[in-house]
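Residue numbers begin at 1 in each chain, while the letters A, B, ... track the order of the sequences.
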Amino acid sequence: MSARRGRVGFRAGWSVWAWIIILVGIPLAGLATAPTSATSAAPWPAVTSSARPVLGSDSSLMAAPRIQSTRPVVVASKPFGESYLLAEIFAQLLEARGHAVVRRLGLGSTEVAFGALRTDAVDVYPEYTGTGLLAILGEEPSGTRGEVFRRVSREFRERWGVRWLPPLGFENTYAVSVRRETAEELGLATLTDLAREGEGLIGGFSPDFLGRDDGLPGLEEAYGLRLRESRSLLQAVKYEALRGGRVDVIDAYSTDGFLARAEVVVLEDDRRFFPPYEAAPLVSRRFFEERPAAVAALTELAGLLDEARMRELNGRVEVEGEPISSVAASALAALGLVPSDHHPADASIGGMDGSAGGLAAAGRPVAVGPSGARAGSLPAYLWDRRDQTLQEIRRHLLLVGISLLAAILVAVPAGLALERVRGGAEGVIRGVGVIQTLPSIALLAFMIPLLGIGVVPAIVALFLYSLFPILRNTYSGVRDADPRAVEAAEALGMTPLQVLREIRLPLAAPVIMAGVRTAAVINVGTATLAAFIGAGGLGDPIVSGLALSDPWMILAGAIPAALLAVVVDATLGVAERGVAPRGLAEE
Amino acid sequence: MIPALEVRELQKRYGRVRALAGVSLEVLSGECVALVGESGSGKTTLLRAFNRVVEPDGGVVLVKGRPARDLDPIRLRRETGYVPQEGGLMPHWTVRKNAALVARLLGMADADERADAALELLGLSPNEYASRWPRELSGGQRQRVAIARALATGPEVVLLDEPFGALDAITRAQVRGHFKAIRQELGTTSVLVTHDLHEAIELADRVAVLRDGRIEQAATPGVLLEKPATSYVARLLEQAGLAAAIEGGR
């Protein structure tokens with residue numbers, strides 16, 4: 001997926017937002033942290049004193065398994081199949097060695113995952129050396145496997161104390177691929193061959209690849225490649241487009257399960273254009289220093305996963321829809337790291353468990369396509385995971401409810417205060433409105449250094465998004481309340497406070513409520529993105545489903561989220577009419 | 001005798017617009033004075049200076065001989081009856097709650113009873129009207145509620161800003177009749193803003209004609225009609241058809 005290597009350009013645009021968010025966010029951040037830090041001391045008294053209070057409180061919110069002396073290892077992944085699978089392998093191996101684990105899978109992007117690791121909110125996640133070099137260090141692609149690994153190891157250790165554990169044994173680089181029949185017809189084996197025949201071919205590439213220097217533009221320069229046309233396609237549809245003949249060339253990843261299939265040929269990068277992307281566990285400073293036994297457990301994987309095995313494991317997940325936890329368990333068993341009768345702890349992520357295990361276990365299905373292996377119907381699938389959906393809805397409502405409540409408590413008094421001073425009020429409101437223009441994922445990512453990952457930063461971000469509609473409506477509702485009534489009230493000797501409480505507020509109530517309603521509906525939608533920073537909710541199956549090209553799983557999050565938005569909107573619509581003063585005409 | 005209300009050399013500017021340019025006027029206890037003028041003449045500004053809704057830039061307002069600026073404005077407003085233009089009822093309150101507002105602000109325990117009595121006085125039977133919402137009333141009824149609200153506390157002074165302005169001719173005559181009857185009964189000191197000379201002459205003991213923030217003439221209706229002090233007043237009377245009526249009567 002495009003999030004795999006992250007994007008260097010993402011960071012440049014940050015500085016502007018950063019200032020805005022710092023100005024607005026830090027006081028609020030303190031507000032959000034304060035009440036929860038008190039509760040964090042309970043679960044792990046020995047460690048919490050040195051631990052960030054946010055992480056402690058967050059984990060307790062997650063109802064992590066209680067253990068007496070050590071806190072659980074936080075294992076994360078980025079939102080694509082291989083990252084999920086590797087993280088699950090790390091998690092199960094750690095559990096088999098007696099370490100409790102909390103999973104934070106599908107974090108939004110390289111920026112989110114690495115940001116969380118750098119600030120000790122995450123202990124370990126799988127990363128690629130080329131990504132570290134290009135996206136995190138911002139350097140030029142150069143060097144051999146070994147050189148790149150040594151370079152990132154030194155830089156990460158010196159800059160952040162973050163460590164690269166020994167590589168897992170495979171590279172996952174770009175693999176420019178064509179249909180077998182195309183390759184045979186035109187005699188294509190290498191990218192040099194492709195450059196020769198490019199004029200007649202149509203490319204389908206991920207948006208990421210189309211724009212990156214180490215993607216198509218660099219490839220065109222290095223090989224003199226000119227395709228007839230290049231289209232932007234998402235990972236999930238790229239293979240189908242290639243198979244169906246709608247495009248002739250795609251960018252794949254060398255360990256994609258789809259590449260194991262006979263009908264696709266990977267063209268050799270004969271000029272060594274693509275930098276090495278070796279996979280390895282990336283661990284935080286604190287984890288490395290405080291948990292040598294867990295670090296040692298992870299190094300057991302060094303060199304054990306070669307490209308062929310990875311392609312096969314990815315294929316089981318992405319092509320056949322086998323649950324990630326069972327693929328991870330059988331991989332660890334096959335490697336001899338875990339006895340084969342070992343049962344993994346509950347490793348459900350986004351509802352992967354029990355989804356299509358039965359069919360996958362019965363043998364390689366002939367059906368192809370991302371969800372081709374699913375048994376039964378969509379309604380049956382949704383019914384089967386109803387308990388999980390309910391949990392996700394509960395979490396979702398928790399995120400939306402707390403953030404909304406906090407926003408009401410802040411924005412309504414602030415709106416009233418602004419109405420009193422008037423001067424500069426429009427400016428302040430416009431300023432708060434700027435928050436609305438920040439891309440959600442950027443705002444969420446920015447929360448990580450301040451608040452770590454999980455529920456707390458998600459609530460703070462949602463809180464920030466809720467402020468504007470409530471503030472604006474409170475201000476204008478109170479300002480515009482029936483001017484004749486307000487004027488009369490003042491002239492008859494009501495004090496300003498009485499005018500506010502008895503006249504302006506009741507008359508403005510429906511307008512304020514409409515602002516709350518807008519904020520709530522926006523929040524229900526935005527909260528699905530909270531899954532990118534490990535806060536759970538209905539975004540979990542959406543993120544997982546996108547990563548695994550599993551439309552049913554996406555729907556398992558999207559349908560309830562949409563229904564929830566409708567229900568919230570309708571409920572607050574009733575409330576809006578409820579708070580409308582009875583004397584006012586029904587318009 | 002100390003006048004109930006008095007202004008001396010009152011001045012008020014709104015930016016570049018001069019609303020009051022040195023106005024002096026006395027309102028005696030029990031008297032009804034009408035402030036007449038075209039829009040922009042300063043009559044509403046003058047009215048609102050009496051209960052400190054408008055703070056003058058110069059000159060003094062005296063309430064029973066005491067400078068208004070020494071009085072607590074909130075208290076002064078509560079104790080002065082006030083009927084704003086177009087009523088100014090609270091749309092989210094019932095008729096009774098509206099009429100009881102000032103009595104409640106003054107802490108009167110019998111605010112609701114006073115409200116009902118005042119409504120009754122203005123011909124709005126509490127049984128029928130007290131629980132209605134303002135939007136369920138006609139314009140004339142709303143205006144009467146506003147007057148009831150001002151009278152419910154039995155104030156010594158009532159200020160009325162175009163109280164009959166927005167009403168149709170028939171309703172206007174009705175409400176005016178009510179007002180006249182009540183004034184005779186209660187003897188309340190009243191200051192009435194109107195742009196209608198007929199109304200002023202019918203209701204008031206004295207009429208003050210304002211123009212560009214100055215008083216052109218303040219006199220009883222009889223004096224005004226017979227001896228207009230300025231050509232402006234004469235023209236105003238003529239335009240209202242009053243000068244002709246007088247001539248015809250001779």
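For a residue to count as touching a neighbouring chain, one of its non-hydrogen atoms must lie under 4.5 Å from one of that chain's; by this rule B/Arg149 touches chain A with the side chain only. Only the backbone of B/Leu89 comes within less than 4.5 Å of a heavy atom of chain A; no side-chain atom from C-beta onward does. Of the two parts of A/Gln498, only the side chain, counted from C-beta on, holds a non-hydrogen atom closer than 4.5 Å to a non-hydrogen atom of chain B. Only the side chain of B/Leu101 comes within contact range of chain A, with at least one heavy atom under 4.5 Å from a heavy atom of that chain. Residue contact with chain A, scored on non-hydrogen atoms closer than 4.5 Å, is absent for B/Arg75. For B/Pro134, no part lies under 4.5 angstrom from a heavy atom of chain A. For chain B, the nearby parts of A/Ile503 are the backbone and the side chain; heavy atoms of each come within less than 4.5 Å.
In terms of non-hydrogen atom pairs under 4.5 Å with chain A, the most contact-rich of B/Gly87, B/Gly81, B/Gly88 is B/Gly88. Most heavy-atom pairs under 4.5 Å with chain A: of the set B/Gln85, B/His92, B/Glu79, this distinction falls to B/His92. Contact tally against chain A (heavy-atom pairs below 4.5 Å) for B/Val53, B/Leu159, B/Ile74: the top residue is B/Ile74.
Note on A/Arg504 versus A/Glu490: salt bridge recorded, some NZ/NE/NH1/NH2 to OD/OE distance being below 4.0 Å. B/Arg52 has no carboxylate O lying under 4.0 Å from a charged side-chain N of B/Asp72, or vice versa, which leaves the two without a salt bridge.
Of the possible polar contacts, none joining the A/Arg484 side chain to the B/Glu86 backbone as a donor-acceptor pair under 3.5 Å is found. Side-chain N or O atoms of B/Asn51 include none that pairs as donor or acceptor with a backbone N or O of B/Arg77 at under 3.5 Å. In terms of modelled atom types and a separation under 3.5 Å, the side chain of B/Arg78 and the main chain of B/Ala103 share no donor-acceptor contact.
With B/Leu151 as reference, B/Ile182 is the one residue of B/Leu119, B/Val102, B/Ile182 to meet the side-chain contact (heavy atoms from CB on, under 4.5 Å) rule.
Distance CZ/A/Arg517 to CG/A/Leu572: 7.5 Å, rounded to 0.5 Å.
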